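As the structure is a prediction and not an experimental result, all values here were calculated from the model. Note: hydrogens, waters and symmetry copies are ignored here, and every other heavy atom, side chains too, is used. When a residue number appears, it is its place in the shown sequence, counting from 1.
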Amino acid sequence: MPHDKIRSAARARMAQTGEPYAAARRAVLGQRQDAAGQPGSQPPEPRLFLIRYRQAGLDRPTAWFDTLLGSGPGRSGVLVGADQLRVRMGDFRLTVPRSRVRSVARSHADLHGTTGVHISHGRLLVNGAPDGLVELTLDPPLRTGRGLSTLFTRARVNTLVLSLDDPEGFVGELTASPGARAT
């Protein structure tokens with residue numbers, strides 16, 4: 001609630017009850033906090049969508065290295081909250097405000113057998129399998145953090161491609177928000 005609305009509500013309460021301004025303001029703010037705690041007014045719980053992994057062709061050193069970095073099946077995913085997405089795969093982390101997601105759609109891109117975290121020309125690929133792909137268009141673009149998976153550079157991200165176990169559910173979850181649209 002903006003300050004001017006709090007002030008006018010406090011003054012209206014002062015006129016009704018005869019309380020001093022400070023007491024009326026505290027009461028107005030207390031009512032607002034009580035209303036925010038009502039069931040149904042809480043934001044929905046974040047929902048986790050796991051990164052899809054393909055075990056075929058995954059050799060022992062790669063599987064060991066994934067485990068060492070905290071990656072692999074069941075450990076990597078996208079946490080979709082009310083106002084942001086949190087992508088995690090191994091040491092890679094990316095937070096995407098939902099307001100920047102302009103479109104979301106299933107993708108049938110040819111990945112040429114690559115898995116992991118790769119960025120090229122503004123396109124960030126976070127996958128463990130060549131299928132179950134979802135593509136998000138971001139506007140305005142954002143930048144990755146510095147880490148081993150990004151070779152300690154901050155790369156620009158216009159498009160995010162993810163391989164997910166439940167791509168349809170992910171697209172449905174994001175298109176439920178007013179800013180994004182399915183394409």
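Of all heavy-atom pairs between Pro141 and Arg100, the closest is O-NH1, 3.0 Å. Listed here is the closest heavy atom pair of Ala10 and Tyr21: CB-CE1, 3.8 Å. Across all non-hydrogen atoms, the minimal contact from Leu133 to Pro130 is CD1-O, 3.7 Å. Nearest heavy atom pair, residue Ala24 against residue Met14, reads CB-CG, 3.7 Å. Closest non-hydrogen pair, Gly90 versus Ser76, comes out as N-OG, 3.9 Å.
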Verdict with reasoning, Val87 to Leu162, per side-chain contact (heavy atoms from CB on, under 4.5 Å): CA-CA 9 Å; Val87 181; Leu162 305 162; 4.1 Å; yes

Derivation and outcome, side-chain contact (heavy atoms from CB on, under 4.5 Å), residues Val126 and Leu160: CA-CA 8 Å; Val126 181; Leu160 174 61; 4.2 Å; yes

Check against side-chain contact (heavy atoms from CB on, under 4.5 Å), Leu138 and Thr159: CA-CA 6 Å; Leu138 307 176; Thr159 306; over 6 Å; no

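Between Leu124 and Val161, every side-chain heavy-atom pair lies at or beyond the 4.5 Å cut-off. Under the 4.5 Å side-chain criterion, counting only non-hydrogen atoms from C-beta, Val117 is not in contact with Thr144.
In this structure, Arg52 pairs ionically with Asp131, as a charged nitrogen and a carboxylate oxygen lie closer than 4.0 Å. Using a cut-off of 4.0 Å between Lys/Arg side-chain N and Asp/Glu carboxylate O, Arg106 and Glu135 are scored as not salt-bridged.
With Arg102 contributing its side chain and Asp139 its backbone, the two residues share a donor-acceptor pair below 3.5 Å. Formation of a donor-acceptor pair under 3.5 Å by the Ser163 side chain with backbone atoms of Ile51 is not found in this model.
No more than 12 heavy atoms of other residues, nucleotides or ligands sit less than 6.0 Å from atom CZ of Arg86.
Taken to the nearest 0.5 Å, the CG atom of Leu94 stands 5.5 Å off from the CG atom of Leu142. To the nearest 0.5 Å, the span separating CZ on Arg143 from CZ on Arg156 amounts to 6.5 Å. Here the CG atom belonging to Leu174 is positioned 5.0 Å from the CZ atom belonging to Arg98, to the nearest 0.5 angstrom. To the nearest 0.5 Å, atom CD of residue Glu173 and atom CG of residue Leu85 are 9.5 Å apart. The structure places CG of Asn127 at 4.0 Å from CG of Leu125, a figure rounded to the nearest 0.5 Å. Note that CE of Met89 is 10.5 Å distant from CG of Asp91, once rounded to the nearest 0.5 Å.
Of the listed residues (Asp165, Thr175, Leu136), just one forms a side-chain contact (heavy atoms from CB on, under 4.5 Å) with Phe170, and that residue is Leu136.
A continuous path of hydrophobic side-chain contacts links Leu79 to Leu50 [ILVMFWY only; heavy atoms under 4.5 Å].
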